[in-house]
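Heads up: the structure comes next, in structure tokens.
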4 protein chains.
Amino acid sequence: MILSLDLGSEVPIYLQIRDRIVEAIASGELVEGGSLPSTRQLAVDLGINFHTVNKAYDLLRREGLLRINRKSGALVQRDPSTGPPEPGFTDEWETRLRTLLAEAVAHGVGDPAVLDSCASVLASFTPTALVAHGADHGAKQGDSAS
Amino acid sequence: MILSLDLGSEVPIYLQIRDRIVEAIASGELVEGGSLPSTRQLAVDLGINFHTVNKAYDLLRREGLLRINRKSGALVQRDPSTGPPEPGFTDEWETRLRTLLAEAVAHGVGDPAVLDSCASVLASFTPTALVAHGADHGAKQGDSAS
Amino acid sequence: MILSLDLGSEVPIYLQIRDRIVEAIASGELVEGGSLPSTRQLAVDLGINFHTVNKAYDLLRREGLLRINRKSGALVQRDPSTGPPEPGFTDEWETRLRTLLAEAVAHGVGDPAVLDSCASVLASFTPTALVAHGADHGAKQGDSAS
Amino acid sequence: MILSLDLGSEVPIYLQIRDRIVEAIASGELVEGGSLPSTRQLAVDLGINFHTVNKAYDLLRREGLLRINRKSGALVQRDPSTGPPEPGFTDEWETRLRTLLAEAVAHGVGDPAVLDSCASVLASFTPTALVAHGADHGAKQGDSAS
DNA sequence: GTGGTCTAGACCACA
DNA sequence: GTGGTCTAGACCACG
């Protein structure tokens, strides 16, 4: 759970923390039931105010990725294997995806290049070891639409 | 150039305007050199303050998608056919893509489903290709429509 | 009187015209009593609206550098040999000079480099040829007012 | 950090603030790393809206003279000892210098008088050198005062 | 007519 | 507490 922040970035610190944790869950680095450092501990490690960590954890809780209780601290509530997303998640997410992809296309990134980026990002979440027996859910290729 | 906003959304109005325009550029609805409504006009049409439109336009200008001058108003500066993105764009964009995709994966959307979403979003930007036989009026070459 | 503008610059066109004319007067390219192109003519030559030229001429008139009458058009009212500036000019000008020089110093340009810039700019106004025989109406020296 | 404005001047307040700060940096009154009053505080002190201060600070930030973060407010990012200016600064600056000096020359201020003005303005930024015997505390080396 | 400035109030995000 | 967002009115600059 090494979590590198960029102080002085445009992105608020609490969001950077949240983003890194989301990515850690996506990549399997954090699995359902796993525990995260206490807010105080992480704050000390990162050299930031613990309120900032708190805010990140709370955001993740509201997103359904963490559960938090007094005794055991923050635990991962969800991971890729937990099941399909809550209803309503996908629509809202696709809206954001649409805007993000539009941005690349508008700037002149070709459709294939965009898809390649998506595929390679996905591949980076499943570092080969997990693609064990059938590999039927890996970052498959060739279904490009254009 | 119908631009439907969701007042009362979490997303600020100026960002919604910006997002819709980015998507319009990506989809070829707006092409390089095309002109956008004047800030005041659009503001009246949308029933909002002109500053809000102004802010959206200014953001797009800073992103390199619009150029703005006093006489002719806002013109589209870039479209998918204009060329590859400025250096530095892709890296920053992929960082955001990574976070966005991680979000879906963490919520249990499978890699293939994610890729499908990406592909179908991209396809939605070039719907003409799916309909046309020769597809000679797609936003691929500089055949400006104005 | 070739006057090159940069359309699309941050600096308004009318100000660019004004600035170029001020520089032409400073360099002796335009002398007291000399006539400028008519607003319409210059507007056509530059491919701009004649109101814009008008605005530049009017500004110069208010600054005391031009006089304008219907029959003979715009005439240069002042040049370096006309005499010392109107009272009040110098103070206001030095305030602007102070800010401009402070900007360079704050950005790390050393005092000598700043002075060099000033000197070379001044030298560029008096292209050596004018300091010829008597040099009694050129940018004469030694009449420092301070 | 006393900052006297002239309400009712032609020059917008935010620009006056910006100019005074630039001059304070040039004169060594503000040194790299030094902190400025918070936007709200300064606004109260000056009896103006905090947005106006904000605008001045933001302009200075875009000029590279300030850095701004939420925790520590506005800090001086540059001062005469920080090093040479960013490439591109000098050219743009000399263009403005050229116009400003041309103005004086056109109004009849002699070249020597102009140069004198430049020199005395520069001298006013480092007044200590004119007083001190050894001049070992001038704003020449990185002897930050904070 | 256009876009942009200047100032501003209410509110939010951040640490 | 800090800076920043979002929206806004009145006015100016520009062509």
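Nothing here was measured: the structure is a model prediction, and the numbers come from that model. To find a chain, count down the sequence lines: A is the first, B the second, and so on, and within it residues start at 1.
One interatomic measurement links the two molecules: CZ of D:R67 to C1' of F:dG3, which rounds to 16 Å at whole-angstrom precision. We find that CD of B:Q16 is positioned 14 Å from C1' of F:dT7, with the value rounded to whole Å. Across the protein-nucleic acid pair, B:K71 atom NZ and E:dG3 atom C1' stand 14 Å apart, rounded to whole Å. As a whole-Å value, the separation of C:E10 CD from E:dG4 P is 10 Å. Taking atom CZ of residue D:R62 and atom P of nucleotide F:dG4, one finds them 12 Å apart after rounding to whole Å. In this structure, the CG atom of D:L15 is 13 Å from the P atom of F:dA13, given to the nearest Å.
Comment: A:R78 engages A:E86 in a salt bridge, judged by a side-chain N to carboxylate O separation of less than 4.0 angstrom. For the pair A:R98 and A:E94, the salt-bridge criterion is not met [side-chain N within less than 4.0 Å of a carboxylate O]. Using a cutoff of 4.0 Å between basic side-chain nitrogens and carboxylate oxygens, D:R67 and D:E32 are scored as salt-bridged. A salt bridge does not link B:D58 to B:K55: none of the charged side-chain nitrogens sits closer than 4.0 Å to a carboxylate oxygen. The residues D:R18 and D:E23 are annotated as not salt-bridged, no charged nitrogen and carboxylate oxygen being separated by less than 4.0 angstrom.
Between the side chain of B:R70 and the base of E:dG4, no donor-acceptor pair of N or O atoms lies under 3.5 Å. A donor-acceptor contact under 3.5 Å links the side chain of B:R40 to the base of E:dG4. Side chain B:H51 to base F:dT5: no donor-acceptor pair is found below 3.5 Å.
Using a 4.0 Å heavy-atom criterion, one finds that D:Y57 contacts no nucleic acid atom at all.
Side-chain proximity of B:Y14 to E:dG3, F:dC14, F:dC6: nearest is F:dC6. Nearest nucleotide to the B:K55 side chain, out of E:dA13, F:dT2, F:dC6: F:dC6.
Residue B:N54 is the one, among B:N54 and D:L7, whose nearest nucleotide of DNA chain E lies closer to the 5' end (criterion: closest heavy atom). Mapping A:I13 and B:I68 onto DNA chain E by nearest heavy atom places B:I68 closer to the 5' end of the strand. Both C:P12 and D:F50 sit near DNA chain F, but only D:F50 has its closest nucleotide nearer the 5' end.
Pairing for F:dT2 goes to E:dA13, judged as Watson-Crick or G-U wobble with the two contacts each under 3.5 Å.
Residue B:N49 places at least one side-chain N or O closer than 4.0 Å to OP1 or OP2 of F:dG9. Distances shorter than 4.0 Å separate none of the side-chain N or O atoms of B:N69 from OP1 or OP2 on F:dG15. For the OP1/OP2 pair of F:dA8 and a distance below 4.0 Å, the side-chain nitrogens and oxygens of B:T52 include at least one atom meeting the criterion.
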